[in-house]
Amino acid sequence: MNKHKVVIFGSGGQLGVELVREFTNRGYTVKGFDRSAVDISDGSRVEHSLAEVDPGLVLNAAAYNQVDVAENEPSAAYQANGLAVRNLAMACRQVDAQLVHYSTDYVFDGTAGRPYTEEDPTHPLGAYAVSKLAGELYAQAYLDKPLIIRTSGVFGPGGLNTARGNFIETMLRQAAAGRTIRAVEDHVASPTYAPYLAARTADLIERGQSGVFHAGGGAAISWFEYARMIFRLAQVNADLQPVNARQYRTAARRPKYSALSNGKMERAGIAPMPPLEEAVRSYLEARAKHFGK
């Protein structure tokens, strides 16, 4: 397996940079394409790129993830998260490569009130969520053994170099500006540290897995409690106020409880995710190094 060539789309993003690092460290020959190199919504560019490299494995970390904006431009979300995955799947079929595609906890409606398993029925609540579910279906329609990894609230040091950053950066930026910060206390997810997700992706591949797997951060936590943890660990005094979803209206409906159960992944012999607090500490250490503190 180590002789395999790997192509990573979205290699400049928070998850993509970690995938490049993880697979390179494991001895794979890695070719990364960020969006400026290959836009995966361009089918002929995707086909040409894969034909040139002839990889055994293709990882898709490229995505449109502007959940609220998608309500005003659903076709853009569907193009990037749905039809672009069809392009990847068709190109993978031509070169006989396995596709690893990342999906989201937002394919669920959040009404179960417990962490979701892979067997739970999907019920997306908005344009972004529908587009992500479409991507899963396209991968499964065109390929026999795709690996679809659903995750939640990804954050990683790569976010320090991207315009939109991540939840931690948003919180710290608002605190530094002296703003009152409102965080939702009745929506629960399982925030996921990108380096841990990259490692578990490689573990699943090396164990020959395919199908749908959940790889969330392992802890079900509200966005308010998550924000509180961030400020405590960063030793930042912030004016943080809990609000409920009714008070904090957004363009897109979001699932109230979309934490993911990693039970299937763990039963496949993959190590559980380390505690979220450990992940946030690790992120803050990387952040301090980045800013030379």
Step-by-step side chain to side chain contact (heavy atoms under 4.5 Å, CB included) determination, Phe291 to Leu160: CA-CA 10 Å; Phe291 290 116; Leu160 296 165; 3.9 Å; yes
Partner residues of Glu136 under the salt bridge (charged side-chain N to carboxylate O under 4.0 Å, His left out) criterion, sequence neighbours left out: Arg150
Qualifying salt bridge (charged side-chain N to carboxylate O under 4.0 Å, His left out) pairs with a residue from residues 82-91, counting only residues at least two apart or across chains: none
Within residues 190-210 or reaching into it, pairs that qualify as ring pair (Phe, Tyr, Trp, His ring centres under 6.0 Å) - sequence neighbours excluded: Phe155-Tyr193, Tyr193-Tyr196
Residues forming a ring pair (Phe, Tyr, Trp, His ring centres under 6.0 Å) with Phe9, sequence neighbours excluded: Phe33
Sequence neighbours excluded and cut-off under 3.5 Å, please list the side-chain donor-acceptor pairs for residues 172-187, or say none.
| from | atom 1 | to | atom 2 | distance (Å) |
| --- | --- | --- | --- | --- |
| Thr180 | OG1 | Asp239 | OD2 | 2.7 |
| Asp186 | OD1 | Ala245 | N | 2.9 |
| Asp186 | OD2 | Ala245 | N | 3.3 |

Val107-Ile148 co-clustered via ILVMFWY side chain contacts under 4.5 Å: no
Pairs touching residues 212-234 that satisfy salt bridge (charged side-chain N to carboxylate O under 4.0 Å, His left out), sequence neighbours left out: Glu225-Arg228, Arg232-Glu277
Considering all heavy atoms, the nearest Asn81-Ser131 contact: ND2-OG, 3.0 Å
Contact list for residues 66-81, test salt bridge (charged side-chain N to carboxylate O under 4.0 Å, His left out), sequence neighbours left out: Asp68-Arg254
Tyr116: partners by ring pair (Phe, Tyr, Trp, His ring centres under 6.0 Å), with sequence neighbours left out: Phe108
Partners meeting salt bridge (charged side-chain N to carboxylate O under 4.0 Å, His left out) with Arg45 (sequence neighbours left out): none
ILVMFWY cluster, Leu197 and Val100 together (side-chain gap under 4.5 Å): yes
By ring pair (Phe, Tyr, Trp, His ring centres under 6.0 Å) - contacts of Phe231 (at least two apart): none
Criterion side chain to side chain contact (heavy atoms under 4.5 Å, CB included) on His48 and Glu52, from CA distance to verdict: CA-CA 6 Å; His48 177 74; Glu52 225 171 38; 3.3 Å; yes
Heavy-atom closest pair, residues Ala62 and Ile40: CB-CD1, 3.9 Å
Residue pairs, two or more places apart or on separate chains, that pass side chain to side chain donor-acceptor pair (under 3.5 Å) and touch residues 11-22: Gln14-Asn166, Glu18-Arg21, Glu22-Arg26
Cluster check Phe213, Leu57: I/L/V/M/F/W/Y, side chain < 4.5 angstrom: yes
Straight-line distance of Arg207 CZ to Arg200 CZ, nearest 0.5 Å: 10.5 Å
Pairwise distance CD1(Ile230) to CD(Glu169) - rounded to 0.5 angstrom: 9.5 Å
Nearest-0.5 Å distance, CG of residue Leu240 to CZ of residue Phe224: 4.5 Å
Co-membership, hydrophobic cluster, residues Tyr138 and Met90, 4.5 Å side-chain: yes
same_hphob_cluster(Val154, Leu147) at 4.5 Å side-chain heavy-atom cutoff: yes
Selection residues 108-131 - residue pairs positive for salt bridge (charged side-chain N to carboxylate O under 4.0 Å, His left out), sequence neighbours left out: Arg114-Asp120
Stepwise side chain to side chain contact (heavy atoms under 4.5 Å, CB included) check, Met171 with Val236: CA-CA 10 Å; Met171 292 298 101; Val236 168; over 6 Å; no
Shortest non-hydrogen contact from Val38 toward Ser49: CG2-OG, 3.4 Å
